[in-house]
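So the structure is just underneath, and the comments pick up after that.
Just so it is clear, the model here is predicted, and its values are computed rather than measured. Note: hydrogens, waters and symmetry copies are ignored here, and every other heavy atom, side chains too, is used.
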Amino acid sequence: MIRQRLFRYAVYRNMFLSFVLLTAAMIALVTVVLYMMFSWSTAKEVGKISESMLKQNSAVSSVIRDQVYNVGNLLLSDKEIVNALLDKEADPVKQYSVFGTLNRVQSTYPFIHSIGIYNGSNNTYLNTKGITKEQEKALLEEINSKNTSYFHLFPRKISSATSANRSEDVLTFVLLPSYYSPLSSKGAIVINMSTDTIQELIGGYRNEAVDSLHVIDDKGTIITHSDRSRFMEDVSQESYVQSILESDAESGYFTRSIDGRKSLVTYVKSKDMNWTYISVSQYQNLLFNMQALRTSALVLALACFVVSLFLSIWLTHHAYNPIRHLLEKMSAIPKMKENRRQINEFAILDTTYAEMTEKMKSMESEASVARQAHVLQLLKGGDETAFRRLAREGKGPYFLAAVLLLDSLDGSPGGEDEELQSYTCAAVVQAAQQMLEPEGASVAMVGDGTVAIILPMKQSRLPLHVLGMLEELQGELLRTLRVSVTVGIGTAAQTYEELRESFDCAQSCFQQRFFAGKGRIFHGDPVIAAESEHSEAQYPDKREKRIIEAIKLQQRDKLEKEIDQWIKEIRDYNYHEVMFFINQFIGGLYKQLNVHTVKNRESADLFLDFTRRITRFQTLQETADALKDLALRLCSLSEESGAVRHAEVVDFIQMYVRKHYARPDMSLEQVAGEVKLSRSYVGKLFKAHCELSFNDYLNAVRLEKARELLASTEESVQSISEQVGILNTTYFYTLFKKHYQISPAQFRSQHAIETKKAQ
């Protein structure tokens, strides 16, 4: 049965393979992690052991140093040796005696390869191995150039006394004469140590896990190595050697790739000499049974995998049971069992679910259409029978009508795209049904951009949670469909007539949107509506005159402020009074402004277009914005058509003033009568064009004429004042001094002096 399901059923096979892959991945992960942890722990322990071993090796350097110093001190305390260093003549008898003494010392210390004495005064060199002065020429030249007490031990190769072609590896220690003041500055004792002895001492600590064990100096030169052929090799460029030389630690260990193989490097620096002990071990050889460990881990992993196979079969069988029971209840499965082809359970379930969903959607669609038809029948011309059927289906004795109105962006209830509006309304109906269906509500689209809701209630007051659901519906529509919806709520009803009144009341609530704005919830309240109907409406005609005057004078900033104030003054009235005031305001603008632009068809078209759109404005703010736009465009038209005429009027006034300035009764009213315009309009027009009031201009002309008379005649100031139309002499004095910062008499005197100087 299991084999049949694996080959036939896709879901069963996928579940089984998923369990197998999951368990296999977990086993592999755990095995690898444990192996890595074990190998890391092993490397750490081996590193510590190697470090401890090298610290024991480092004691060899202390022994060697002490032994070399002892030999040096022993030689310097011998009189024959000292005499040989101070002898200025090469006496063969003395040299033979010294040679015997050196051989005795060498035989006492087996690690010494040879001992040599160099006397710079007589240029002689004695060596126990018979090495000549010519063979040690390089060393002796270096000795002559130095003047320090002790050298460090340094590696070098020396020629064999028996064969010039053969060399030997030694560590050389040179004791210079300046260590003791009586000694000659041109002498030295050379002690050569055998590397074989050091190699035996250090190599004794090597084990099978260590691939190489060697000692280097502070320059990276190999002093001794488990591989004898690498004596004196420079390894300072190796990365692991550089890391050791640059480190301040006295000891430590780390991993590094050496010759392409991962290795564990352990080092210890000698405290007494400039030596560093280094051991290098391949990582894979840290454990002698590493291969056996890998084999054991692999066998254990395979055993766990076999167990996981049986566990996966058991888990798949129990996890697949719900799907199997569901498939057995479907009619298509028995037919498919007759053949041997593979079966995709999810495809069968998906197909069956899609068919069932399609049937349910069809049934829901038919039921939704029936409910919407029922709502339309009740609200658009039903009868008592339909209401009684609704009452029998309802959950309470009370019913409430609510209306959703789509808020469009262009000011029209339905928007410009009727097809898009239809889809939007259908979406709003669907959303309202889904949200209010638990409350037993019936929803239908009853007009362009309008959705009606009939909600059954157990009490006459609207439940708060239903109000919250309507607010949530508004937010959901705005968030998902980007549609703003205004909600109007009617009054509670128990009869068919009351339900119709509740629907009308809900629709009338949208008049409140004109003042409060879109996207709100409004409640029908007949008491408030009745109170607003009895308010005494007063049209703000003074504000209208200011607006017309601002249009004529092209005062755009003032124009917008005046319209805002006009809107503010009519805001407290009801909807019908406000619409009446708006129509009256448009009529006043047309009467006052179109008289001057009757020949301009564009101005008339502006008024006609506004009157067509006036009923489409959904809020008072939209109306105010449209009024501002109309006024500004009229202002522009008035500016274009009246600019020439205004200039002519101002020029005429200026010429009239210059001609009749001497008349004492000259005033703004008189000039306005001459141009057949109002006094206030002429005053504002003159100031707008001349940036000077009419009275200031008149006084400026009179003072200019008075200035000419003061300069050209000998008449009195009073007579000149009367001649220019100012009968009050004191007032003339005040104006003249304010305008010219000098009195008339002072001006006349100053002018006379300037005239005499010019002559």
Side-chain angles (χ1 to χ4, degrees), residues 545-546 548-559 561-562 596 635 638-759:
K545 292 179 180 179
R546 295 177 184 175
I548 294 173
E549 190 175 276
I551 294 175
K552 290 180 178 180
L553 297 176
Q554 289 85 45
Q555 297 174 334
R556 290 175 172 79
D557 294 339
K558 181 180 178 182
L559 179 61
K561 293 179 181 178
E562 292 295 337
H596 306 292
C635 186
S638 177
E639 181 180 8
E640 295 174 2
S641 61
V644 177
R645 183 177 181 278
H646 291 165
E648 293 176 353
V649 170
V650 172
D651 291 342
F652 175 81
I653 294 173
Q654 289 177 339
M655 293 176 60
Y656 187 84
V657 169
R658 290 185 177 276
K659 184 177 180 180
H660 301 284
Y661 67 89
R663 294 176 56 177
D665 60 343
M666 175 68 68
S667 63
L668 183 60
E669 288 84 357
Q670 181 184 357
V671 174
E674 293 291 334
V675 295
K676 304 297 188 293
L677 294 173
S678 66
R679 174 185 177 278
S680 61
Y681 180 72
V682 171
K684 294 177 181 179
L685 178 64
F686 190 88
K687 188 171 184 179
H689 280 72
C690 299
E691 297 182 355
L692 196 69
S693 67
F694 175 79
N695 288 332
D696 290 342
Y697 180 78
L698 176 61
N699 289 333
V701 172
R702 285 174 172 175
L703 292 175
E704 180 65 26
K705 296 298 181 182
R707 187 169 174 271
E708 294 176 2
L709 292 174
L710 287 170
S712 59
T713 66
E714 296 293 334
E715 296 183 19
S716 63
V717 175
Q718 181 179 1
S719 175
I720 292 175
S721 174
E722 292 175 354
Q723 289 182 35
V724 297
I726 302 176
L727 302 181
N728 189 335
T729 306
T730 303
Y731 180 62
F732 173 75
Y733 265 91
T734 303
L735 287 177
F736 193 92
K737 190 169 185 179
K738 181 179 180 181
H739 193 75
Y740 295 109
Q741 287 78 41
I742 192 173
S743 67
Q746 290 174 341
F747 173 78
R748 174 173 279 174
S749 299
Q750 183 177 350
H751 182 269
I753 294 172
E754 291 176 356
T755 302
K756 288 180 180 181
K757 288 181 179 181
Q759 293 176 354

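- Atom CD in Gln746 sits 12.0 Å away from atom CG in Leu710 (nearest 0.5 Å).
- Residue-environment remark: OH (Tyr731) stays at or below the threshold of 12 foreign heavy atoms within 6.0 Å.
- Across every non-hydrogen atom of Leu703 and Leu735, the tightest pair is CD1-O, 3.8 Å.
- Atom CG of Asn728 sits about 12.0 Å away from atom OH of Tyr733, to the nearest 0.5 Å.
- For the pair Tyr661 and Gln723, the tightest heavy-atom approach, listed with the atom from each and the gap, is CE1-O, 4.3 Å.
- Interatomic distance, OH of Tyr740 versus CD of Gln750, reported as 13.0 Å (0.5 Å rounding).
- Around atom NZ of Lys687, no more than 12 heavy atoms belonging to other residues, nucleotides or ligands sit under 6.0 Å away.
- A donor-acceptor pair is defined here as one N or O able to donate and one able to accept, closer than 3.5 Å; no such pair exists between the side chain of Arg679 and the backbone of Ala672.
- Here the closest non-hydrogen pair linking Arg546 and Glu562 is CD-OE1, 3.6 Å.
- Nearest approach of Leu692 to Phe686, heavy atoms of both residues: O-CD2, 3.3 Å.
- Between the side chain of Arg707 and the backbone N or O of Phe736 there is no donor-acceptor pair closer than 3.5 Å.
- In this structure, OG1 on Thr713 lies 4.0 Å from CD1 on Ile720, to the nearest 0.5 angstrom.
- With 3.5 Å as the limit, one finds no donor-acceptor pair spanning the side chains of Ser667 and Gln670.
- Residue Leu668 holds its CG atom at 7.5 Å from CD1 of Ile653, rounded to the nearest 0.5 Å.
- Between the His751 side chain and the Phe747 main chain, no donor and acceptor come within less than 3.5 Å of each other.
- Remark: side-chain polar atoms of Ser749 are paired, donor with acceptor, to backbone N or O of Ala745 under 3.5 angstrom.
- Side-chain atoms of Met666 and Val671, non-hydrogen and from C-beta on, do get closer than 4.5 Å to each other.
- A distance of 10.5 Å separates CZ of Arg663 from CZ of Arg702, quoted to the nearest 0.5 Å.
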**Message:** Would Phe732 and Val717 count as a side chain to side chain contact (heavy atoms under 4.5 Å, CB included) here? Give the steps.
**Reply:** CA-CA 9 Å; Phe732 173 75; Val717 175; 3.6 Å; yes
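- Side chain of Glu691 to backbone of Ala688: no donor-acceptor contact under 3.5 angstrom is found.
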